Amino acid sequence: MTQPAAQARDISKRFGRTLALDGVGITVAEGSTHALVGRNGAGKSTLVSVLTGLNRPDSGQVSFGGEPAPPVEDREAWRRRVACVYQKSTIIPTLTVAENLFINRQALGGGSLISWPRLRRRAAELLDEYAVAVDPAAMAADLTVEQRQLVEIARALSFGTRFIILDEPTAQLDGPAIERLFARMSSLREGGVTFLFISHHLQEIFEICQEVTVFRDARHILTSPVRGLSKEDLVEAMTGEASGLRTEGNRSPVAENLTPVLKVSGLGLPGQFQEVDLAIRPGEVVGIAGSASSGKVALGEAIVGLRKPVHGEVQVSGRRLRPGSVPAALAGGIGFVPQDRHKEGLVAGLSVAENATLPIAHKLGRFGAISPGRRRAVAESMITDLAIKTAGPEQDVAGLSGGNQQKVVMARALADQPSVLVLIDPTAGVDVRSKENLLDAVDRAAGSGTGVLVISDELDDLRPCDRVLVMWHGAVAAEFAAGWTDGELVGAIEGIGESSE
Amino acid sequence: ACNRGTDAATGGGAGPVGIDLPRADSDFWNSYAKYVPQQAKDLGINLMPPTNSQNNVNTLVSNVQTLTNQGAKAVVMAPQDTGAITTTLDRLNQKKIPVITVDTRPDKGGAYMVVRADNKAYGEKACKYLGEQLKGKGKVVEFEGDLSSINGRDRSQAFGDCMKQNYPGITVFAEPTNWEGGKASAALQTDLTANPDINGIYMQAGGVFLAPTLQLLKSTNHLFPAGDPRHITIISNDGIPQEFEAIKQGQIDATVSQPADLYAKWALYYAKAAVEGKSFKPGATDHGSTIVDVGSGQLEDQLPAPLVTKDNVGDSSLWGNQIGK
Amino acid sequence: MSELSAQLPAAKPKLQLARFRDLALVPAILVLLVVGFIVSPIFLTAGNLLDVVQQQTELGLVVLAEALILIAGRIDLSLESTVGFAPALAVALIVPASSHGLGVGLPEWTAIPLCLLIGALIGLVNGALILKLRLSGFVVTLGMLITIRGVQLGATGGQNLFDLPASVSYLGSATWLGLPASVWITGLLFAVGIVVLGFFRQGRALYAIGGNSDAARAAGIRVDRVVWTVLVLGGVLAALAGLLMAGRLGSVAAAQGQNMIFTTFAAAVIGGVSLNGGKGTLFGALCGVLMLGLVQNILTLAHVSPFWYGAINGGIILVALMLSRLTTGKAQD
Amino acid sequence: MSELSAQLPAAKPKLQLARFRDLALVPAILVLLVVGFIVSPIFLTAGNLLDVVQQQTELGLVVLAEALILIAGRIDLSLESTVGFAPALAVALIVPASSHGLGVGLPEWTAIPLCLLIGALIGLVNGALILKLRLSGFVVTLGMLITIRGVQLGATGGQNLFDLPASVSYLGSATWLGLPASVWITGLLFAVGIVVLGFFRQGRALYAIGGNSDAARAAGIRVDRVVWTVLVLGGVLAALAGLLMAGRLGSVAAAQGQNMIFTTFAAAVIGGVSLNGGKGTLFGALCGVLMLGLVQNILTLAHVSPFWYGAINGGIILVALMLSRLTTGKAQD
Ligand SMILES: Nc1ncnc2c1ncn2[C@@H]1O[C@H](COP(=O)(O)OP(=O)(O)OP(=O)(O)O)[C@@H](O)[C@H]1O
Ligand SMILES: Nc1ncnc2c1ncn2[C@@H]1O[C@H](COP(=O)(O)OP(=O)(O)OP(=O)(O)O)[C@@H](O)[C@H]1O
Ligand SMILES: [Mg+2]
Ligand SMILES: [Mg+2]
């Protein structure tokens, strides 16, 4: 029998009061694509950091191809054995895309002297392979979240290592990009490359993985072939309860005659989107889908004041908002989830409670004073409402798992009983069960009269919407009433289908 | 604790007298610091361990506070920042602790006695010497000390005024240096490139400027011994041994010797006298100096600061000839 | 920078000790108190300790100002020359030309408000250059540092201004309820600062901005306005420090404040304020100020050789920092 | 700070201007050359410009050292005292006690290697404290700055060392092929630095580490080893600067290097090196050094009043920076 490509045994790892891994093991067979799933905070990313030598476990052993792992100091040796797309970005913003792709191997095979033109050419080829439309000479800081993720993926796959770990590579990608990634993975797998794949999109597991390992609460629950496992079994293993997945929401349709709570007229930002009109009635949930270049994110950011539109205006409850001002949008009654939680969502170093209450700090006491007790109470109720896994409201938000960080951002958007919610990729990196929680919370908000705008490509996010608009090159190209089929929506998003141009 | 009662210096004699030294990184003040304990012993003074204010007025103020807390009956100090001790002097006067300042005079008076050489006289002596040597013609570079220190200001002002009045034929390039040798060297280099006919240099502190100046002159081929027509006439202030050496070798021409030994001797003398309750009046003293009333009753004993040239550089009474021997 | 390193094992003591970062210097200060007691019986007397505190008030105010600015993720080097320039200009506008004034002859009572106003103006100009012209804060305030010190030297001809208006002298020498006025003022301002930074929205905003200004903006904080306010406040505090210093020393020296910025950064950073913004507390900064004052006082009392003063001073500071590192077990940055 | 705006369509022009950041000072330097020419006909002569370059060599080396360290995301304040301490100790170990030496009497030829070794040792100790004890770099090197300057003062008794070994004097005054040795050395080191930082994996590692050290570690860069190397290199370069300075000034002054770190940061940051790490080039830093030298040279040639020197100096620097901001259109940080 051949040695497993990678094996971890009895790994334990503790962070302060949190036991992130409790004697877990995993065996990834040579040449297979192995899925690792579990709820947010189950310990998946921690295992990844152990398997890639970034973190030394408190106990346990790692081996590759039967040989014990190198010492953590020898980074080169680790890099020869395993390549990885980490959940947290490892792009260096001050360097160009080309250099990021070939970081620490810029000389391209031996030697130390770098030929920049050659490096740029190689980078362009690599980017072409993955159909990433980015100038290799661009500064990484200027990339969008999707572009960064694609660069990371292209880099990890280009090493030529026989074992590759992908920690939620698809959370920030649109459909075609995911398809391209999977195509690439399967051709590599045919060449004998082994993958460890982490995702909260369970259908992806069934699509590309042969084996799956489930973690729950820092412990190993099961490892089994994917074939023969049902989605319900998987969710049960992850959550530890046998309840089925949520069925469609049962909100009653919104009355046609209500005055819109959010009214966007003639909004335009050259280069991003033009002449967008949009009206959302109280209690209505509207989705906006579109590919990465559709301008949907920019539109959302313009509505909430993160960008300053050049044309048109935004009205909330009949009052016009000052363009480009987040404080005005918040005061006008908008709550929102920005696209990139690391960039715009969270302040690392501050506690969960403080992050969750930043926009509502003025409500936590008089004259600007913040009552720590009230903040704690508010934060605790958010933590229970959205099932945020944290050591407590005082934990540094940087210590939360990716999905739980996302929940903090979401909690914050919901905190102020907003009359309008603008949610950009609200469930990125959130596990299946938590996703239901979040969407339920959105439902409840809508039920109490909030107008909701969901900007996402996730069909799960869009399903509860009363209608879904599809954007294409900066304009609304199609509209679907509830009840659309996945196929027609995806077609519209990708610009095949009945695009109006 | 084993240290109780040992803080005030033991032994008999007048005092205790507290003394604060201004800095530890200059040859001149280090010589002064060496003379202090000797002189105290000779005078029979009970001297407290000296403090050092590291050229920082805040430290000076807190040092003096500490000295008085420890029971000093008189305080000798050398404030380099003469405005900033006004309050300290007031406070000491209230406590009836007499203060002797050395080298500098407090802006607002209030010291029992000021012991210093006249810094304006340094500037004037340098001006007159250069004026005569250059016969009233030529170009002179002046390395000015920090203009926010009274000594730098006094020397600069006196030199400048004297030049303007007496030697209008001499162009003066006044270079701000903040007492830094590197700045002086750069300025001199630039000036020499722009004006190769520079024929005089006045440096306000030999300890800082001597070596950089000589080195620059050497590497730019401007160093010629006195007597050579291409020689640049150089006068310095301080009187450190290296200046004497340079005078002997004809590299520089003169220096004004700032009397470190006399500073120590007479500062302590007046401290003792103050503790003993004596008082002084303006007029000539028995040690070749004059006590002057510089205004509002502030007495100042203006010690002689001899001009040292090739002729008297061997004089063994100069402090620069006494140390390091 | 430390996104991934947050995963490193330092995490263990982190949770509980996160707040100890502010207390990190307390053990070091306690040790210093013991050392001081061994060195001299005078050390632990109320009089001596009060002297230490009083001598550190002006530095304290400047550190307060710099800590606010650093926490908000910015930097201001020009505080140092504001300490000299603001009182010098204010006094020069008041006293007659015979006392080295500018001959403008404003009324005496304007001294204090005028000085604070000048400080505010410097902060305002810094803010304009940094926020409107988008120049680097380090570079702007460095240029400002050199420029206004130069203007002070030029305008006063290097002279000390020693005919202080009565209000300034009063500030420097008054005693309220047995404590020097400067101690009250500084103490009070620190207390207000600690409360505002700990428990007020406006104060917490500084941490958010310093920690991640994009996120702060997205959370509805008016980042530019807050930063500008902090820069102006910094100027005012530095001007106030200058007033206290002038009052205490009885004149405005031409070099007042010179080289102070170095000690300011030292105190703030030793006290746990990060140069990268978003971290540290005013209490920590205050501990830094006190620690430096205590070290200096002990060295004076111990009558160490002036030649070895610097070496011992630096050595003690290094040891104290290692001590605080070891007692709190927290890596610094 | 400007992360959000990065997503704006500005991306296009930014691309080309990103590298102009390094050239930002070039227009300002050109304007200075014109101003200098107007001020004095001597200014544009080869002799004078060479003087400027020579005078800036020592600062240049320290800036080179600091720029490397800053690009790698660290900071070293102690370079300033290394400039004085390393040559002072080396010389003191060689010259006899009568010349204020320590009486050890090592052979003359050891002067230069000894000095460089001392610089390396200081960097090594800094590295150990920062990387092994995980102390804050600012604090460690601040403590080191104070300590070793203190040791220098203590060991030399505050005396200037006048009797330099021949090799040191030689370095300071030799001319090779018509240019001062110091200009050759500094120029060569900058050239090597520019090439290594621009075209070698080892040099690019500094940018990676300074940009995001966790990502650099994940990419297989031995972060600690590289940082340590850079700190040691910085110490060596500072020691070399000290040697050149001692040679040029003909002695090791007790205060050699004092206050130099301030100008060092000024030159580096003006030249586009970011205090936050990962940004800037050695060419930019060199421009910063030259710009400061030109300003000083023009002021000397213009014979501005010593009283207004500072104000004019600061004013010119501020104007030059605004100019470079406006001509490159790039926000600074
Ligand atoms: N640096 C840290 N400090 C403190 N706690 C941490 C740290 N890193 C991880 N944890 C904790 O360890 C647990 C496991 O986190 P991990 O990131 O491995 O979860 P995950 O399974 O990857 O979750 P997700 O699906 O949300 O990415 C979480 O409870 C998290 O809060
Ligand atoms: N998983 C871990 N557990 C404990 N300490 C760790 C772990 N990973 C790294 N460290 C420590 O963090 C520091 C940085 O480690 P790193 O691997 O980056 O060093 P390096 O860049 O490889 O440099 P070197 O050449 O010294 O090995 C080291 O002190 C290392 O011991
Ligand atoms: Mg994870
Ligand atoms: Mg996740």
Side-chain angles (χ1 to χ4, degrees), chain A residues 49 52-54 72-80 83-84 86 88-96 99-100 102-108 111-116 135 137-145 147 152 155 159 269-272 297-298 301 306-308 338-340 342-344, chain D residues 1-21 70-73 131 195-226 272-274 276-281 330-331 333:
Chain A
S49 71
T52 55
L54 279 191
V72 286
E73 287 74 28
D74 191 355
R75 297 288 318 145
E76 259 324 304
W78 281 91
R79 281 225 309 175
R80 281 193 300 274
C84 182
Y86 293 95
K88 281 185 191 157
S89 171
T90 60
I91 291 290
I92 295 170
T94 50
L95 301 181
T96 62
E99 189 161 9
N100 266 293
F102 293 98
I103 186 81
N104 203 30
R105 46 179 185 144
Q106 297 99 326
L108 301 178
S112 301
L113 186 63
I114 301 167
S115 154
W116 289 109
D135 178 358
M139 279 292 165
D142 300 340
L143 300 188
T144 63
V145 203
Q147 288 171 332
E152 299 234 25
R155 175 171 68 188
F159 273 112
L269 181 60
Q272 303 286 344
V297 172
E301 290 178 347
L306 279 173
R307 291 179 185 236
K308 191 169 180 174
Q339 184 186 27
D340 184 344
H342 293 297
K343 217 192 233 177
E344 294 135 26
Chain D
M1 178 176 74
S2 56
E3 292 212 73
L4 270 181
S5 58
Q7 295 189 349
L8 291 178
K12 176 90 218 261
K14 201 162 181 178
L15 271 185
Q16 296 126 27
L17 284 169
R19 49 197 73 161
F20 284 4
R21 182 190 176 101
L70 285 176
I71 289 173
L131 298 169
V195 170
V196 171
L197 254 61
F199 297 95
F200 280 76
R201 193 163 56 86
Q202 292 81 351
R204 300 309 297 172
L206 297 192
Y207 286 93
I209 294 172
N212 180 349
S213 76
D214 296 314
R217 197 163 89 86
I221 295 170
R222 296 179 173 233
V223 174
D224 278 13
R225 186 182 294 185
V226 174
V273 176
S274 162
N276 300 327
K279 275 187 214 156
T281 63
K330 181 112 172 62
D333 45 23

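Keep in mind that this is a model prediction, so the values were computed, not measured. In the text below, chain A, chain B and the rest are named by the order of the sequence lines, each starting its count at 1.
What you find for D/Ala218 and A/Tyr86 is that their closest heavy atoms are CB-CE1, 3.9 Å. A/Asn104 and D/Ile221 make their closest contact through CG-CG1, 3.4 Å (heavy atoms, listed as atom of the first residue, atom of the second, distance). Nearest heavy-atom pair across D/Gly211 and A/Pro93 is O-CD, 4.3 Å.
Judged purely by atom type and a 3.5 angstrom limit, D/Arg222 has no side-chain atom pairing as donor or acceptor with the backbone of A/Arg75. Using a distance-only test at 3.5 Å, with no hydrogens or angles considered, a donor-acceptor pair links the side chain of D/Arg217 to the main chain of A/Leu54.
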Test side chain to side chain contact (heavy atoms under 4.5 Å, CB included) applied to D/Phe200 and A/Ile114, step by step
CA-CA 6 Å; D/Phe200 280 76; A/Ile114 301 167; 5.5 Å; no
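Contacts with chain A were tallied for D/Gly278, D/Gly277, D/Ala219; D/Ala219 has the most, counting heavy-atom pairs under 4.5 Å. With respect to chain D, the highest number of heavy-atom pairs below 4.5 Å among A/Leu95, A/Ile103, A/Thr52, A/Thr94 belongs to A/Thr94.
To the nearest 0.5 Å, atoms CZ (D/Arg204) and CZ (A/Arg105) are separated by 15.5 Å.
Contact of A/Arg155 with chain D is not made at all, since no heavy-atom distance falls under 4.5 Å.
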